[in-house]
Amino acid sequence: MTGLVDGFGRHFRYLRLSVTEVCNFSCAYCLPDGYRKTRPHDFLSVDEIGRLAETFQALGVGKVRLTGGEPSARRDLGEIIARIRRAGVAKIAMTTNGWNLSEKIEGWRDAGLTHLNVSIDALDPAAFRAITGHDRLGAVIDGVDRALALGLPTVKVNAVLLKSGLSGGFETFADFVRDRPVAVRFIELMRTGDNADYFAAEHVSGAVLRDWFAARGWTPRPRGPDDGPAVEYVHPDHAGRLGLIAPYAPGFCDGCNRLRVTARGQLRLCLFGEGGVDLRDLLQAGPSEALAARIRRALGEKPAGHRLAEGRSGDMRHLAQVGG
Ligand code: SAM
Ligand code: SF4
């Protein structure tokens, strides 16, 4: 099968797969009141995920990222990872809030996890608690260190750029990567249907970080062809890197290389689009040409970019809905 290319010539070798809408944290910009069950939890089963992964793999997708909600809320997460591995996907990544990372990471690594992103929006315990609703900063950092000690090929940290998360300044994060070989990537807070007031109070422009890099001798690292939207910066005194993902920057969508599937099996063409293409009826029996054809057809409809700059977030109420 030939690979996935959209009407704008963009190639898609990366799938972000949500495995649950459930989350145990209540991040102020995402689920400030915590997760509330509104529908039955009929999320994709391990077998459905396996068939989906086989088809995407045959279509040239070499990396699958598990996300959610909180992916580790699924008890069968290890089986999910192992099943995607059996489908022949080379890179299996996960984005997690890290609440149980130190106990679980070895099992996930043994099942086939290769890339780990841990979300840490503040390095001050009180600020972390205020943002996430949980006093677990120390445990999350222990999890990052455990993953590094196990030698996972890639360990990164995601930090949403928030006024309250930066109470100690960017220096706190620079200290964090002084001896740790991890990349901390700051992502500009995105406005969703639910978080308009929080966005107005907490949004920090990526330009502030770029100025900080320039003033402190951090220099941008050359980008590889399959690099995502982050621009990473290095400094001779630091083992790790700092980076910026700026979804509001002009041209952000030009290099889009990712597709998303929700925990209920809908293909989502743009994070901030409307609706999705249901794949679930075709996930019941073996990898199929029909499934591949539906994915290709849908891709023909992929828009050039999101319209966040016009204040339009599509039907995205919060990112736990689709997986970020
Ligand atoms: N629960 C997991 C976690 O937090 O890592 C995975 C799902 S979460 C939706 C994925 C990523 O999206 C996290 O790094 C989170 O901080 C980020 N995120 C959620 N809402 C966001 C928003 N409105 N703007 C920017 N990033 C957001
Ligand atoms: Fe949960 Fe992740 Fe959303 Fe925080 S960002 S509430 S951890 S899904």
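Indexing begins at 1, ligand by ligand and atom by atom, following the structure's order.
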Discussion item. According to side chain to side chain donor-acceptor pair (under 3.5 Å), does anything in residues 133-147 pair up with another residue at least two apart or in another chain? List the pairs.
Written reply: E106-R146, D145-R180
Worksheet item: Among side-chain atoms of T20 and E70, is any donor-acceptor pair under 3.5 angstrom?
Response: no
Fill in: Whether over 12 other heavy atoms sit under 6.0 Å from D281 CG
yes
Worksheet entry | Residue pairs, two or more places apart or on separate chains, that pass ring-ring contact (aromatic ring centres under 6.0 Å, His included) and touch residues 95-117 | none
Discussion item. Name the residue from K91, K63, R65 that meets the side chain to side chain donor-acceptor pair (under 3.5 Å) definition with Y14.
Written reply: R65
Worksheet item: Would you say the side-chain atoms of N195 pair up with the backbone N or O of Y198, donor to acceptor, closer than 3.5 Å?
Response: no
Discussion item. Using only atom types and a distance under 3.5 Å, with no angle test, would you say the side chain of D121 pairs donor to acceptor with the backbone of G165?
Written reply: no
Practice prompt. Starting from atom 3 (Fe) of ligand 2, count all protein N, O or S atoms within a radius below 2.8 Å.
Written response: 1
Starting from the N and O atoms of ligand 1, find every protein N or O within less than 3.5 Å and list the pair with its distance.
unit_1	atom_1	unit_2	atom_2	d
ligand 1	1 (N)	G69	O	3.0
ligand 1	1 (N)	E70	OE1	3.1
ligand 1	5 (O)	T96	O	3.3
ligand 1	5 (O)	S119	OG	2.6
ligand 1	14 (O)	S119	OG	2.8
ligand 1	14 (O)	N158	ND2	3.3
ligand 1	16 (O)	Y29	OH	2.9
ligand 1	23 (N)	M190	O	3.0
ligand 1	24 (N)	M190	N	2.9

Fill in: Chi angles and distances behind the side chain to side chain contact (heavy atoms under 4.5 Å, CB included) call for R191, H203
CA-CA 9 Å; R191 203 171 83 138; H203 180 258; over 6 Å; no
Worksheet entry | Validation row, ring centre H41 to ring centre Y35 under 6.0 Å | yes
